[in-house]
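The next block holds one structure in the form of structure tokens; read it before the comments.
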Amino acid sequence: ATAVADRLSGTVGNIASLVFFLPSLALAARRLHDVGRSGWWVLILFTVIGIPVFLYWMVKDSDKGKNAYGEGPARA
């Protein structure tokens, strides 16, 4: 019974990871658009040097006014 419970919790954990993965990518891409970057920049997370750069973009203020991706969230 313990093996079944362990197996089920692992499966539920994997499903939860998949369920939250795509929305988190969408949120990251939207945030990158707010700072004037393409959503493809999320791929920089696969490099070690890219993690601090990505974190900087996540905490940076949005662009003032309009950029290539539309109005910023504070102005929309």
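What you are looking at is a predicted structure, and each value in this text was computed from that prediction instead of being measured.
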Hey, are the side chains of I51 and L45 touching, using non-hydrogen atoms and a 4.5 Å cut-off? yes

Assigning hydrophobic clusters by single linkage (Ile, Leu, Val, Met, Phe, Trp, Tyr; side-chain heavy-atom cutoff under 4.5 Å), is [X] placed with [Y]?
X	Y	result
F46	V48	no
V53	L25	yes
M58	I49	no

What's the shortest heavy-atom distance between G39 and A29, and which atoms? CA-CB, 4.0 Å

Over all atoms of both residues, closest heavy-atom pair of V42 and A28: CG2-CB, 4.0 Å

So the ring pair (Phe, Tyr, Trp, His ring centres under 6.0 Å) pairs with at least one residue in residues 11-38 (sequence neighbours excluded) are H33-Y69

Nearest 0.5 Å please: distance from the CG atom of L32 over to the CH2 atom of W40. 12.5 Å

As an exercise, state the distance from CZ of F54 to CG of L43, rounded to the nearest 0.5 Å. 10.0 Å

Heavy atoms from other residues, nucleotides or ligands near CH2 of W57 exceed 12 (cutoff 6.0 Å): yes

